[in-house]
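Beneath this line is the structure, given in C-alpha cells, with notes to follow.
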Protein chains: 2
Amino acid sequence: MKNEIAEILKRNQLSVTDSRQKILELFRHSNSALAHADIEKQTSEQFDRVTIYRTLQTFVEKGIVHTIPTTDNSVLYALCKDNCSEGHHHDDHVHFICDDCGTTYCLEHITIPKVEVPQGFITKQTDVVVSGQCDKCS
Amino acid sequence: MKNEIAEILKRNQLSVTDSRQKILELFRHSNSALAHADIEKQTSEQFDRVTIYRTLQTFVEKGIVHTIPTTDNSVLYALCKDNCSEGHHHDDHVHFICDDCGTTYCLEHITIPKVEVPQGFITKQTDVVVSGQCDKCS
DNA sequence: TAAATGATTGCAACTTTGTTGCAAAATAAA
DNA sequence: TTTATTTTGCAACAAAGTTGCAATCATTTA
Ligand SMILES: [Mn+2]
Ligand SMILES: [Mn+2]
Ligand SMILES: [Zn+2]
Ligand SMILES: [Zn+2]
C-alpha cells in the first residue's frame with residue numbers, strides 16, 4: 001500500500017518524498033537484497049544517482065534497511081523488520097548469497113549463533129553470511 | 001626470512017618478483033588484515049597501483065590470502081594458513097573488526113559454527129564477522 | 001488556504017577506486 | 001647466455017562515490 005509506505009517514513013521522522021517512497025517500495029516488492037546499482041537500474045530515469053546514495057544512507061541511519069557484508073567491494077541493503085530503529089537493530093538473522101544467480105536472501109528464521117571472542121574483546125554485532133547455491137539454482 | 005617468502009611463492013608456481021615478495025612480507029609482519037589502500041600507502045613509491053591490484057588477485061586465486069567481507073565497500077585481505085591452496089581454503093575461523101581502531105583480526109582459534117539453511121539451499125562457505133571493541137580499545 | 005520555514009533534490013564538478021591494452025623490463029627455462 | 005614467458009608500469013579509461021549549492025518540494029505555521 002502506498003499509505004503504508006508513507007507511514008514507515010513518518011514513523012521515522014522523514015518527510016515523504018517521491019524518491020523515498022519509490023525506493024522503499026522497491027525493497028518491499030523484492031524478496032532479496034538490493035545493491036545501489038540495482039536501485040539505480042530500476043529508477044535511473046526518475047532520480048539522480050546522488051539522491052539514491054543519500055536515500056540509502058538515511059534509511060540505514062534510521063534503521064529502515066540494514067547492510068549485508070560482501071567480499072566484492074559492494075554493499076547490499078535489505079529491509080529491516082519493524083522493531084528496528086536508530087541505533088537498535090534486531091536483524092539477527094543469517095544471510096545467504098547464491099554464487100550462481102547472485103541473489104541475496106535474508107534468512108529471517110535462522111538466527112545468528114552466539115560466537116565466542118577472546119578475553120578483552122567486546123561483541124557489538126555478529127554477521128553471518130553463507131554462500132553457495134539457492135533453492136532455485138541447486 | 002626472505003627465503004621463506006620466496007618459498008611460498010615458488011610452492012604456488014609464482015615467479016619471485018620484488019612486488020610479490022614485499023607485499024607478502026607486509027602480510028607476514030602485520031597481525032591484522034590489510035586493505036588494498038593499506039598496502040598502497042606502505043608501498044606506493046615502490047609499486048604501481050595496478051601491480052598491487054594484480055598481486056592481491058593472484059594471491060587470492062592461489063590461496064595465499066583470503067578475503068574478509070565488510071559492510072563498507074572495501075575488501076580486506078589476510079594470510080591463509082599453510083594448508084590452503086587453489087580452490088581449497090581452510091580458513092574456517094571468525095573475523096573481528098574493531099569499530100574504534102578499525103583493526104581486523106583473524107581469530108584463528110575460533111571456528112565457524114555450522115549454520116542451518118532452508119531446504120534446497122546448499123552451503124559452500126560460511127563467513128562470520130564480529131564487530132565491536134578489540135582488547136586494545138575496550 | 002497561503003506564506004514561511006526547513007529539508008530534500010538535481011546538477012556540476014570533482015575525487016577515489018578499479019580495469020584494460022600494450023610495450024618495456026624482469027624472471028625463468030633452455 | 002640466449003630465448004621464451006611472465007610480470008610490470010604507464011596511459012587512458014570506466015565506474016563508483018562525494019561535496020557545495022541553488023532550485024524545488026514538503027511540512028509547519030498563521
Ligand atoms: Mn537481512
Ligand atoms: Mn582470516
Ligand atoms: Zn541462485
Ligand atoms: Zn581496536
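In what follows, every chain begins at residue 1, and chains take the letters A, B, ... in the order their sequences are listed.
More than 12 heavy atoms of other residues, nucleotides or ligands shown are found within 6.0 angstrom of CD on A:Q42. Taking a 6.0 Å sphere around CD of B:E108, one finds it holds more than 12 heavy atoms contributed by other residues, nucleotides or ligands.
Within the 4.5 Å cutoff, no side-chain heavy atoms of A:D100 are placed close to those of A:S138. The closest side-chain heavy-atom distance from B:D135 to A:Q119 is not below 4.5 Å.
For the atom pair OG of A:S32 and NE2 of A:H95, the computed distance is 11.0 Å after rounding to the nearest 0.5 Å. With rounding to the nearest 0.5 angstrom, the CG atom of B:D99 is 10.0 Å from the SG atom of B:C134. Separating the NZ atom in B:K10 from the OG atom in B:S15 is a distance of 11.0 Å, to the nearest 0.5 Å.
Other residues sharing a hydrophobic cluster with A:Y53 under the 4.5 Å side-chain heavy-atom criterion for ILVMFWY residues do not exist; the residue is a singleton.
Taking the screw axis at each terminus of the helix from C:dT1-D:dA30 to C:dA30-D:dT1 from five consecutive base pairs, the angle between the two is 40° to within rounding of 10 degrees.
A:N73 pairs by the side-chain contact (heavy atoms from CB on, under 4.5 Å) definition with B:V75, not counting sequence neighbours.
As a whole-Å value, the separation of A:K62 NZ from C:dA7 P is 11 Å. For the pair A:N73 CG and C:dT16 P, the computed distance is 16 Å after rounding to whole Å. Nucleotide C:dA28 holds its C1' atom 14 Å from the CG atom of B:L9, rounded to whole Å. Nucleotide C:dA28 holds its P atom 14 Å from the CG atom of B:N12, rounded to whole Å. What separates NE2 of B:H36 from C1' of C:dG18 is a distance of 8 Å, to the nearest Å. A straight line from CD of A:Q57 to C1' of C:dA7 spans 15 Å, rounded to a whole angstrom.
Judged as a ring-ring contact (aromatic ring centres under 6.0 Å, His included), the pairs with a partner in residues 112-131 of chain A (not counting sequence neighbours) are, in order, A:F121-B:F96, A:F121-B:Y105.
Backbone-only contact: A:Q46 has heavy atoms under 4.0 Å from sugar-phosphate atoms and none from a base.
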task: Could you give me the CA-CA distance, side-chain angles and deciding distance for A:I39 and A:F27, then say whether side-chain contact (heavy atoms from CB on, under 4.5 Å) is met?
output: CA-CA 9 Å; A:I39 296 167; A:F27 279 111; 3.9 Å; yes

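For C:dT9, the OP1/OP2 oxygens have a side-chain nitrogen or oxygen of A:T17 closer than 4.0 Å.
Protein chain A contacts DNA chain D over a range whose 5' and 3' limits, counting nucleotides with an atom under 4.0 angstrom from a non-hydrogen atom, are D:dA16 to D:dT27.
Near DNA chain C, meaning a heavy atom under 4.0 Å from it, residues 47-56 of chain B has B:R49, B:V50, B:Y53, B:R54 in order of number.
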